[in-house]
Amino acid sequence: MTDTVNPIEHIMLAAPVIPVIVIEDLATARPLAEALVKGGLPVLEVTMRTPVALDAIREMKKVPGAIVGAGTVINPAQFAQAMEAGAEFIVSPGLTERLAEPIIASGVPYLPGIANSADLMRGLDLGLTHFKFFPAEANGGLKALKSLAAPFYQCKFCPTGGVSEANAREWLAFEPVLCVGGSWVCSGTPEEVEAKARAAAALR
């Protein structure tokens, strides 16, 4: 699969920040999604870390303008569950052929996690060029990504993990970075979330 048929870039360019969302209480899912979308962050990554994650995806998809995907997808069974729940894109913390191949075959937008050059080479072998750099800060931060991006000039990135309001602008200033993922926009009252989302949407 190549860039020309891979819609993940359109999703990555929808807003400078993709909220990384962990839902513990299903009742909070839709109000959170409404606040984030209203603030200008339409792309929502719901992590598959809690028992209500799949139902949260279903609830958030009811919000007009929301583009809801599943994150922390680590195996084909979870991918199938996420698709059944209506996920519009898939994010994984790492990259394996066993997970990537069925996702690529399905045509659903896919953002796999990478941490090093071997991961990137595996991704390129699979026809992928857009990746999540994870965990971004623990893997050496922006300096490390710049070193990786040089030989892999055709690749684009979404750093996630340790990205915050304080450093997001610096990440976004690096040309191969199309967006960042972060959870800082997800906390607080709906009004506070909307305000954080509005500030995040203005980062680029």
Side-chain angles (χ1 to χ4, degrees), residues 1-3 6-9 11-12 17-23 43-51 53-54 56-57 67-85 87-164 167-168 171 174 176-184 186:
M1 190 160 61
T2 64
D3 291 354
N6 183 357
I8 191 64
E9 181 162 326
I11 289 174
M12 294 171 75
V17 178
I18 296 178
V20 179
I21 302 166
V22 181
I23 296 292
V43 179
L44 311 176
E45 177 190 337
V46 181
T47 61
M48 300 272 283
R49 302 181 195 175
T50 68
L54 293 169
I57 291 171
I67 303 167
V68 187
T72 324
V73 175
I74 60 174
N75 57 54
Q78 283 189 333
F79 165 56
Q81 291 173 333
M83 294 307 294
E84 188 179 353
E88 296 171 77
F89 63 95
I90 300 293
V91 183
S92 61
L95 175 59
T96 67
E97 287 86 351
R98 181 171 174 265
L99 175 61
E101 285 169 356
I103 298 176
I104 293 167
S106 76
V108 69
Y110 179 39
L111 191 65
I114 59 91
N116 53 50
S117 50
D119 292 341
L120 282 167
M121 290 170 68
R122 186 181 309 116
L124 289 170
D125 283 348
L126 289 162
L128 301 169
T129 52
H130 293 63
F131 303 95
K132 165 173 138 171
F133 180 51
F134 176 80
E137 286 297 329
N139 273 327
L142 183 55
K143 183 178 179 182
L145 182 59
K146 286 182 175 179
S147 296
L148 275 176
F152 297 100
Y153 60 89
Q154 66 273 67
C155 297
K156 304 296 181 183
F157 301 95
C158 173
T160 306
V163 179
S164 66
N167 62 20
W171 281 104
F174 182 43
V177 171
L178 300 186
C179 62
V180 299
S183 57
W184 82 89
C186 301

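Counting heavy atoms from C-beta on, the side chains of Met12 and Phe89 never come closer than 4.5 Å. Taking the side chain as every heavy atom from C-beta outward, Leu128 and Leu95 approach each other to under 4.5 Å. Under the 4.5 Å side-chain criterion, counting only non-hydrogen atoms from C-beta, Thr160 is not in contact with Phe133. Under the 4.5 Å side-chain criterion, counting only non-hydrogen atoms from C-beta, Val177 is in contact with Pro159. Looking only at side-chain heavy atoms (C-beta outward), Glu45 and Leu111 stay at 4.5 Å or farther from each other.
Ser92 is linked by a side-chain hydrogen bond (donor to acceptor under 3.5 Å, both in side chains) to Tyr110, counting only residues two or more places apart in sequence or in another chain. In this view, Glu88 and Lys61 satisfy the salt bridge (charged side-chain N to carboxylate O under 4.0 Å, His left out) rule, not counting sequence neighbours. Under the rule for a side-chain hydrogen bond (donor to acceptor under 3.5 Å, both in side chains), Asn139 has no partner lying at least two apart in sequence or in another chain.
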Donor-acceptor pairs under 3.5 angstrom involving side-chain atoms of residues 144-152: please list them, not counting sequence neighbours.
residue	atom	partner	partner atom	Å
Ser147	OG	Lys143	O	3.2

Distance-only criterion, 3.5 Å: show the donor-acceptor pairs between side-chain atoms of residues 73-83 and protein atoms not counting sequence neighbours.
residue	atom	partner	partner atom	Å
Asn75	OD1	Ala77	N	3.2
Asn75	OD1	Gln78	N	2.8
Gln78	OE1	Ile74	N	2.9

If you look only at distance, which donor and acceptor atoms sit under 3.5 Å apart when one is on a side chain in residues 97-109 and the other is two or more places apart or in another chain?
residue	atom	partner	partner atom	Å
Ser106	OG	Ile103	O	2.6
Ser106	OG	Val108	N	3.2

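Atom CG in Leu178 sits 12.0 Å away from atom CD1 in Ile11 (nearest 0.5 Å). Here the straight-line distance linking atom SG of Cys158 with atom CD of Glu9 works out to 12.5 Å at 0.5 Å rounding.
Across Val163 and Ala136, no two heavy atoms sit closer than the pair CG2-CB, 4.3 Å. When every heavy atom of Pro19 is checked against every heavy atom of Cys186, the shortest pair comes out as CB-SG, 3.8 Å. When all heavy atoms of Cys179 and Ile18 are compared, the closest pair comes out as SG-CD1, 3.8 Å.
Using a cut-off of 4.0 Å between Lys/Arg side-chain N and Asp/Glu carboxylate O, Arg122 and Asp119 are scored as salt-bridged.
Checking side-chain atoms of Thr129 against main-chain N and O of Cys155 turns up no donor-acceptor pair under 3.5 Å.
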